[in-house]
Structure formats: structure tokens, C-alpha cells
Amino acid sequence: MINANRLLQRLDELSQIGRNHETGGINRFSFTKEEQQAIDLVIEYMKEAGMQVNVDGIGNIIGSYGDAEETIMLGSHIDTVPDGGKFDGALGVLTAIEVVQTLHENQIPLHKKVEVTAFKDEEGTRFGFGLIGSRAMAGLLKAEQLQKTDDANITIEEAARQFGLSPFPLEKLKRKDIKAYLELHIEQGKVLEKEDLPVGVVTGIAAPLWLEVTVNGISEHAGATPMHIRHDALTAASEMILAVEQSFQTKGDSVGTVGKLQVEPNGVNVIPGKVTFTIDIRDIDEKTIRELEQEVKQQINDIAARRHVTAAVVELQRAKPAKADGALQQQFAASIEKQGIRPYTLVSGAGHDAMNIAAAAPVAMLFVRSRDGISHNPLEYSSDEDIVIAANVLYDTVLEISGKKD
């Protein structure tokens with residue numbers, strides 16, 4: 001079984017990097033000094049676990065154990081959202097390292113190589129475009145996507161080169177040797193909590209579609225412009241945002257969220273002339289996502305015409321839904337039963353690196369119960385007991401699918 005104290009200690013150590021001591025949240029964005037500190041620590045852990053470590057051209061940290069041709073990959077990410085929690089992503093990476101270190105310390109021979117990957121920029125916080133590392137590894141990353149910029153107008157490509165990375169040609173980043181990919185992650189929802197279960201097996205991952213809407217009106221004096229002749233970008237955008245909310249109230253498991261808003265010129269006595277906001281649309285069915293996208297765009301255009309403003313919608317990122325491999329799900333379930341726990345399956349409404357790796361290999365995910373379903377927040381929490389159970393389930397699953405030698 002895994003070393004619980006070591007895993008929990010490392011989780012605490014990593015959580016100190018990028019921590020905002022006023023809020024308790026963590027800020028580790030891609031290609032920053034905070035992320036580099038986290039990378040250095042994770043590499044240290046990987047080496048202690050007996051792994052050979054390399055960093056690919058886009059910044060994925062890859063620790064390898066064994067020398068077989070076929071690879072079982074474990075992974076997640078170490079970047080965060082603004083003021084994020086300490087479990088999202090990081091728990092999956094550190095648990096995977098602990099699994100390998102346990103294999104190493106017990107000198108367990110395997111028929112397959114085991115790799116742990118900390119994927120680059122899963123969250124997309126800095127550039128408004130995430131899952132960069134797993135896109136690259138699955139062969140899904142496109143050259144033009146590396147031209148997306150942050151608030152300082154620095155492109156992903158420029159940031160990578162500043163970090164001493166060389167992503168081109170992208171083809172060299174694609175992996176074709178992965179026989180199975182397993183990702184442990186906190187649930188970020190309340191399903192397992194309601195079922196009173198510490199872990200659950202994911203059957204599929206809903207795909208996120210990110211849109212950016214720019215509404216242009218006319219900036220005029222707030223006191224000198226009568227209400228009936230205004231071209232107020234903010235009131236138009238407000239109606240659009242409410243329309244998104246109202247539309248998704250009747251869409252079953254589909255969800256739509258406006259999470260980012262920018263108002264210009266942002267003055268107390270100036271009618272807003274430009275508003276930019278984002279829309280995050282998610283569902284597990286690709287056809288449904290396309291239908292929802294068209295419905296939202298139509299609502300935005302109708303509101304813009306009625307309010308005498310213009311609206312432009314651009315796609316920030318689009319990912320495909322992913323189904324978990326049936327055999328890997330069954331193995332997770334069998335390993336859960338060995339812990340004396342009832343296996344339970346659920347869908348992931350959040351996107352994960354596994355959804356991209358599914359284009360290159362069979363994937364499966366194990367969820368760990370989240371208290372109150374809170375995530376992307378300093379209050380994010382999974383208990384030590386649940387974490388240890390999940391780590392042992394992952395360890396047993398790796399033993400079973402990697403072909404332990406007699």
C-alpha cells in the first residue's frame with residue numbers, strides 16, 4: 001500500500017507555492033516563476049520515486065519508470081485557476097508519483113513502463129486557452145493556437161520560448177505508445193458526497209466550448225445622453241448574460257456559464273461603449289453542444305439588433321467529449337471492491353486532460369469525493385481518508401493493468 005504520510009505531506013508542500021496568504025488560495029499560472037517553482041519540486045519528487053524525468057517541447061513534465069515499450073500513463077496538472085484550491089490537479093499528479101514510488105520501493109517488476117505526466121496549462125487561466133499539454137501529446141494542438149495571447153499580448157509560443165522550450169514541430173510532441181491513461185482527480189461536485197462514497201469511476205467527460213463575446217455600443221456622457229437614445233454595451237451584454245442563464249435552466253445536464261467580464265471605459269460617469277464576456281458551454285454530447293452554441297449566438301444577435309449595438313462571437317477553445325474505456329472502468333471498480341467499497345459510476349461535467357488523451361489511448365478516471373462539491377476555490381477539500389483510499393485504488397489498478405511479473 002502507498003505511504004499516506006508522504007503523499008499528504010507533499011500535497012501540503014506543493015500547496016505553499018503560489019499561495020495567497022490573505023485568501024488561502026493558490027495562483028500558479030503557466031510560464032510563471034510560481035509554476036517553475038512547482039515544476040522543480042515535482043521533478044524532485046519524481047526523481048525520489050526512481051523515475052527518469054524529461055520535459056517535452058511544450059512543457060509537459062514526464063517521469064518514466066521502467067524500460068518496456070508499452071506505456072501506462074498516469075497524470076493530471078499542477079497549474080491553478082485564480083485563487084484556486086490545493087487539490088485540483090495537484091492531487092492527481094502527486095498520487096501518481098506516490099504509486100510509482102511504492103512500486104519502486106517494493107521493487108515490483110512490471111511488464112509495462114509506467115509514466116507520470118504533469119500536463120502543461122490545463123486550466124487555461126493565462127491565455128484563455130487550456131489543456132495545452134494534453135492537446136500536444138494527443139496530436140490535437142495546432143500551430144495557430146500557440147498564437148493566443150495573454151493580457152500583456154505575449155503569445156503561448158513566446159512564453160514557451162522564454163521558458164527555454166521549443167514546441168515545433170508539433171508532430172514530435174505526439175505520443176503513440178500509450179496503452180492506457182489513468183487520471184485521479186477530485187470530483188468537483190456533490191454526487192459522491194450524496195452517495196456517501198469516497199471514490200467513483202468516471203464513465204465520460206463533458207466537453208467545454210469557450211466563446212468570447214464582444215459587444216460594441218457608444219461611449220457617451222452619462223448625464224448628457226437621454227436614456228432612449230443610448231447605445232449602452234453593458235445593458236445589452238447584461239441581457240445577453242441573463243438570456244444564457246435562462247436558456248440553460250431547461251437544458252437538463254447541459255450547463256452554460258458566463259465567468260469573465262470586462263467593461264470599457266469603466267468610468268462612473270461614462271456609458272459603457274464596449275463589453276467583453278466569456279461563455280462556457282458543456283455537455284457530454286457533441287451534437288447537443290453545437291445546437292446550444294447556435295441557440296446562444298442567435299439570442300445574442302437578436303438582443304444586439306434590438307438594443308442597437310453590435311456583437312461579435314469568437315471561439316476560444318473547443319474540445320470533444322470523451323468516453324472512458326469500459327475495461328479500465330471495470331478494473332477501477334474491481335480495485336474499489338477490494339477496499340470494501342461499493343463501486344459507483346458518474347459523469348464528469350468538468351473538462352480534464354483525459355478528454356484529449358482519449359484521442360491517443362484508452363482512458364479512465366477515478367474521482368475523489370469533494371466536500372460540499374466546492375472546487376476552484378480556497379475552500380476546496382477532500383479528506384485525508386478519502387485521498388488514501390483513492391491512492392490505494394489507483395495503485396492496485398496500476399498493478400493489475402501493467403502486467404505484474406511473477
Side-chain angles (χ1 to χ4, degrees), residues 1-29 34-35 38 41-42 45 74-99 118-119 122-123 125 130 182-202 205-206 255 257 259 332 336 339 341-342 344-354 365-395:
M1 293 300 180
I2 60 94
N3 185 325
N5 290 333
R6 179 171 58 205
L7 172 58
L8 296 172
Q9 180 181 343
R10 285 175 173 173
L11 185 61
D12 284 338
E13 288 174 351
L14 184 58
S15 73
Q16 299 307 309
I17 299 176
R19 181 175 290 276
N20 180 332
H21 292 286
E22 291 184 3
T23 66
I26 301 168
N27 295 286
R28 289 198 300 264
F29 310 146
E34 290 82 10
E35 188 203 35
L41 186 59
V42 166
Y45 292 156
L74 319 176
S76 197
H77 62 97
I78 58 173
D79 64 306
T80 72
V81 297
D83 244 12
K86 80 175 191 178
F87 299 91
D88 182 351
L91 179 60
V93 172
L94 297 179
T95 303
I97 293 172
E98 179 56 38
V99 166
F119 289 104
E122 191 264 6
E123 297 290 6
T125 299
L182 305 177
E183 182 169 353
L184 181 150
H185 204 283
I186 59 171
E187 181 196 347
Q188 303 173 282
K190 301 178 182 180
V191 175
L192 291 174
E193 189 173 56
K194 289 182 178 179
E195 292 291 328
D196 194 25
L197 292 170
V199 293
V201 182
V202 176
I205 307 169
V255 292
T257 305
F332 263 145
I336 290 171
Q339 297 284 324
I341 298 165
R342 171 173 61 95
Y344 183 83
T345 58
L346 68 167
V347 170
S348 174
H352 301 283
D353 289 303
M365 289 192 70
L366 182 70
F367 271 175
V368 186
R369 173 167 47 189
S370 295
R371 185 174 66 188
D372 296 328
I374 296 173
S375 181
H376 287 185
N377 185 298
L379 297 177
E380 175 181 278
Y381 178 79
S382 291
S383 72
D384 293 353
E385 294 78 11
D386 288 356
I387 288 171
V388 172
I389 289 170
N392 282 317
V393 169
L394 182 63
Y395 176 69

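- No donor-acceptor contact under 3.5 angstrom links the side chains of His77 and Asp353, judged on distance only.
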Side chain to side chain contact (heavy atoms under 4.5 Å, CB included) between Glu183 and Leu74, intermediate numbers included: CA-CA 6 Å; Glu183 182 169 353; Leu74 319 176; over 6 Å; no

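- Shortest non-hydrogen contact noted between Ile387 and Ser382 is CD1-O, 3.7 Å.
- Residues Val368 and Glu187 fail the side-chain proximity criterion, which asks for heavy atoms closer than 4.5 Å.
- Note that CG of Asn3 and CE of Met1 are 13.0 Å apart. Values are rounded to the nearest 0.5 Å.
- Between Phe87 and Tyr381, the closest heavy-atom pair is CE1-CA, 3.6 Å.
- Separation of atoms CZ (Phe367) and CG (Leu346) is listed at 6.0 Å; rounding is to 0.5 Å.
- A donor-acceptor pair under 3.5 Å is formed between the side chain of Thr80 and the backbone N or O of Arg28.
- Ile78 and Leu14 make their closest contact through CG2-CD2, 4.2 Å (heavy atoms, listed as atom of the first residue, atom of the second, distance).
- The distance from the CG atom of Leu184 to the CG atom of Leu366 is 5.0 Å, given to the nearest 0.5 Å.
- Side chain of Asp79 to main chain of Glu122: a donor-acceptor pair is present (N/O by atom type, distance under 3.5 Å, no hydrogens or angles).
- Defined by atom type and a distance below 3.5 Å, a donor-acceptor pair is missing between the side-chain atoms of Ser370 and Gln188.
- Contact record, Ala391 with Val99: O-CG2, 4.1 Å, taken as the closest heavy-atom pair.
- For Asp12, the side chain to side chain donor-acceptor pair (under 3.5 Å) partners are Lys86, not counting sequence neighbours.
- The shortest non-hydrogen separation linking Val199 to Ala390 is CG1-CB, 3.7 Å.
- The closest side-chain heavy-atom distance from Asp83 to Asn377 is not below 4.5 Å.
- With rounding to the nearest 0.5 angstrom, the OG1 atom of Thr95 is 7.5 Å from the CD1 atom of Ile2.
- Of the inter-residue distances, the one linking Gln16 atom CD with Ile26 atom CD1 reads 7.5 Å to the nearest 0.5 angstrom.
- The closest donor-acceptor contact from the side chain of Ser348 to the backbone of Ile205 lies at 3.5 Å or more, if one exists at all.
- The shortest heavy-atom contact between Glu193 and Gly373 is OE1-N, 4.2 Å.
- Looking only at atom types and distance, the side chain of Tyr45 has no donor-acceptor partner in the side chain of Glu98 under 3.5 Å away.
- The salt bridge (charged side-chain N to carboxylate O under 4.0 Å, His left out) analysis of residues 370-389, with sequence neighbours excluded, yields the pairs Arg369-Asp386.
- Contact annotation: the side chain of Leu91 never approaches that of Ser76 to less than 4.5 Å [non-hydrogen atoms, C-beta and beyond].
- For the atom pair CD of Glu34 and CG of Asn27, the computed distance is 8.0 Å after rounding to the nearest 0.5 Å.
- Taking the six-membered ring for Trp and the full ring otherwise, the centers of Phe119 and His352 sit at least 6.0 Å from each other.
- Looking only at side-chain heavy atoms (C-beta outward), Ile97 and Val42 come within less than 4.5 Å of each other.
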